[in-house]
Amino acid sequence: MSVAAPPVIKLTNFINGQWIDSCAGSSDQAGSDKEWRDVVNPATGEILASVPLADATDVNAAVEAAAAAFPEWRRTPPENRIQPLFKLKMLLEEHIDQVARIITVENGKTFAEAKAEMRRAIENVEVACGIPMMMQGYNLEDVARGIDEMMLRQPLGVVAAIVPFNFPGMIAFWYLPYAIATGNTFILKPSERVPLTMRYIYELLEKTGLPKGVVNLVNGSKAAVDALIDHPKVRAISFVGSTPVARYIYSRSAEKGKRCQCQGGAKNHVIVLPDADMPMATQIISDSAFGCAGQRCLAVSVALTIGEAQKTFRDSISDAASKLRVGNGLEDGVQMGPVITPQSKERVEHLIGVGEKQGAKVLLDGRNAKIPRHESGNFVKPTILDNVPATSELTDTEIFGPVLSLVHADSLDDALAWLERSAYGNQASLFTSSGSAARRFRYEAPAGNIGINIGVAAPMAYFPFSGWKNSFFGDLHGQGRDAIEFYTDKKVVVERWAKEHSRKF
Ligand code: NAD
């Protein structure tokens with residue numbers, strides 16, 4: 001007997017406190033030519049849902065709802081504005097397994113990785129609960145005789161964030177909690193490849209008591225993003241994704257006079273000195289390069305070895321990577337899941353071939369991976385390329401898959417020069433037991449997030465998530481104090497009150 005496939009969920013947008021159909025569903029309205037995309041489980045190929053690609057009509061409805069909610073939300077005392085965030089923290093804790101499961105099903109990372117991602121999301125909610133302190137301005141009496149001056153922080157209005165597929169749960173939390181705690185109203189545009197996680201999280205947000213219109217969600221892709229940037233009532237844009245799109249959004253936002261912060265792609269380097277604790281370095285670098293199938297903007301993708309580390313590290317990392325269990329992230333014992341789409345798998349495998357043709361030796365080849373019972377999954381197993389020449393196109397290409405390139409450098413000077421030449425500057429790490437090498441590296445490495453004996457230097461919520469060169473466009477980063485700066489306008493007030501008036505009383 002054949003079993004009917006479950007009906008595919010048709011996703012909606014969350015606007016003004018309600019789940020409403022995108023105009024994509026109606027054939028007689030302006031949005032009739034809007035498209036829908038399948039949301040697909042990358043481990044099985046199963047279609048999970050259908051997501052509408054909103055255009056300006058949907059975006060306009062969300063912006064108007066957020067704009068209408070702003071005056072009252074802005075007047076709500078900060079102490080009251082953070083109460084829904086305390087509720088959200090509790091709801092996320094209670095539902096962390098459900099959220100993590102959805103992340104694994106639509107993104108492919110393992111359940112443990114998905115849960116770890118949500119822990120980082122929750123940290124941001126916790127930090128934003130400190131807004132009544134963090135949002136304070138400063139003042140000085142008698143800047144001139146009898147004249148006082150103060151700096152106040154005020155929210156901007158409607159702000160929006162556009163996020164990528166690789167952290168369906170966490171990245172929105174670099175923005176949402178800070179934006180609303182500082183008194184703004186917020187619109188999220190999740191990645192159309194992984195919209196189910198935020199659908200679930202917005203259902204939790206509905207239970208927090210936030211007034212209608214304070215948080216909104218629009219599903220879509222480029223047309224929705226363009227409409228957000230172009231809408232005159234949207235004051236600020238936060239973006240995380242690939243470098244070409246980051247650069248595009250940054251320039252289009254600037255042209256429209258918007259405040260903007262855009263995090264882009266990466267090509268992260270780790271330098272392994274011969275005095276490193278090799279078992280520890282191997283374990284941590286393996287986790288960094290192959291965790292989340294290499295689809296992390298902080299994943300190490302080039303390891304530069306110095307001296308005898310060339311052999312010791314090459315042998316130990318090859319051994320560790322070859323033992324990683326690849327499969328469906330929901331299964332116990334699986335350490336690495338698939339990449340996001342069949343096109344990603346094809347691109348990653350193509351780039352491995354390019355590396356080989358341009359002189360690298362394939363030490364461990366993850367192409368053509370076969371995972372039992374998952375023939376339709378997008379699996380690439382851990383891959384290690386040795387001796388990737390400086391001239392190879394791979395040296396500055398973000399592969400965004402489980403591929404680690406090994407390069408031998410003659411000295412720390414040479415290795416740092418290699419980093420200096422990179423177009424990206426998201427993260428750089430050093431493994432050593434030398435304090436002075438560590439200090440030099442910290443001082444000179446040209447990247448915004450630095451790891452010393454750390455493989456994924458992901459800053460905690462109370463530090464800015466930095467990024468340099470083509471990995472970031474803007475000046476204020478996400479998280480921490482930068483988030484408060486980004487989401488508030490500074491207003492300076494200079495006051496004089498004539499003495500005679502107070503003598504009357
Ligand atoms: P992407 O650039 O394809 O998409 C990101 C977002 O932009 C999505 O919401 C998408 O709908 C939208 N978008 C895509 N094309 C667009 C266009 N032409 N115009 C306007 N909007 C568009 O990125 P992705 O594949 O989802 O994510 C992977 C990339 O994100 C990698 O390059 C990775 O390094 C980067 N990333 C960076 C960081 C960081 O902190 N620097 C963090 C996570 C991911």
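Both counts, for ligands and for their atoms, begin at 1 and track the order of listing.
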Report task. Answer yes or no: is there an ion pair linking Lys10 with Asp21, defined by an N-O contact shorter than 4.0 Å? Result -> no
Report task. Could you tell me whether Arg120 and Glu123 make a salt bridge, using a distance below 4.0 angstrom between a side-chain N and a carboxylate O? Result -> yes
Requested in this report: Give the contacting part of Phe400 toward ligand 1: side chain, backbone, both or neither, where contact means a heavy-atom distance below 4.0 Å.
Outcome: side chain
Requested in this report: Could you check atom 15 (N) of ligand 1 against the protein and tell me its nearest heavy-atom contact, residue, atom and distance included?
Outcome: Val245 CG2, 3.7 Å
Query raised in the report: How far is atom 35 (C) of ligand 1 from its nearest protein heavy atom, and which residue and atom is that?
Result: Gly241 O, 3.1 Å
Query raised in the report: Hey, does Arg193 sit under 4.0 Å from ligand 1 if you only count heavy atoms?
Result: yes
**Report entry** Asn124 side chain to Tyr178 side chain, donor-acceptor N/O pair below 3.5 angstrom
**Finding:** yes
Requested in this report: Check if Phe239 has a non-hydrogen atom at a distance under 4.0 Å from any atom of ligand 1.
Outcome: yes
Report task. Report yes if some heavy atom in the side chain of Thr208 is under 4.5 Å from a heavy atom in the side chain of Leu91; otherwise report no. Result -> yes
Query raised in the report: Would atom 21 (N) of ligand 1 count as contacted, meaning some protein heavy atom under 4.0 Å?
Result: yes
Query - Taking every non-hydrogen atom, the tightest pair across Pro389 and Thr395 - result: O-CG2, 3.3 Å
Query - Distance-only N or O hit between ligand 1 and Phe165, under 3.5 Å - result: yes
Requested in this report: Could you tell me whether some N/O pair between Val240 and ligand 1 is separated by less than 3.5 angstrom?
Outcome: no
Report task. Starting from atom 23 (O) of ligand 1, find the nearest protein heavy-atom neighbour and note its residue, name and distance. Result -> Ser242 N, 3.5 Å
**Report entry** Aromatic ring proximity Phe14/Tyr202, centre distance under 6.0 Å
**Finding:** yes
**Report entry** Exercise: do Asp226 and Tyr248 side chains pair donor with acceptor under 3.5 Å
**Finding:** yes
Query raised in the report: With sequence neighbours left out, what residues match Glu420 under salt bridge (charged side-chain N to carboxylate O under 4.0 Å, His left out)?
Result: none
Report summary line: Candidates Glu398, Arg37, Glu192, His477; heavy atom nearest atom 10 (C) of ligand 1 found on Glu192
Query raised in the report: If we ignore angles and hydrogens, is there a donor and acceptor under 3.5 Å between the side chains of Thr341 and Asn378?
Result: no
Report summary line: The reported gap from CZ in Arg153 to CD1 in Ile131 (rounded to nearest 0.5 angstrom) is 9.5 Å
Query - atom 40 (O) of ligand 1: nearest protein contact (heavy atom, Å) - result: Gln263 NE2, 2.5 Å
Requested in this report: Mark the output for Ile171 as yes if a heavy-atom distance to ligand 1 is under 4.0 Å, and as no if none is.
Outcome: yes
Query raised in the report: Among all protein non-hydrogen atoms, which one is nearest to atom 27 (O) of ligand 1, and what is the separation to 0.1 Å?
Result: Pro164 CB, 3.2 Å
Report task. Specify the protein heavy atom at minimum distance from atom 18 (N) of ligand 1: its residue, its atom name, and the distance to 0.1 Å. Result -> Lys222 CD, 3.6 Å
Query raised in the report: What's the shortest distance from atom 41 (N) of ligand 1 to any protein heavy atom, and which residue and atom give it?
Result: Gly264 O, 2.8 Å
Query raised in the report: Which part of Phe465 is near ligand 1, with near meaning a heavy atom under 4.0 Å away: side chain, backbone, both or neither?
Result: side chain
Requested in this report: Select the closest option to atom 43 (C) of ligand 1 among Val163, Val225, Asn166, judged by heavy-atom distance.
Outcome: Asn166
Report task. Check whether NZ of the Lys or CZ of the Arg Lys258 lies under 6.0 Å from the centre of the six-membered ring of Tyr250 and within 45 degrees of that ring's axis. Result -> no
Query raised in the report: Would you say Trp174 and ligand 1 have an N/O pair spaced under 3.5 Å apart?
Result: no
Report task. Find all atoms of ligand 1 within a distance of less than 4.0 Å from any non-hydrogen atom belonging to Gly265, and give their numbers and elements. Result -> 32 (O), 34 (O)
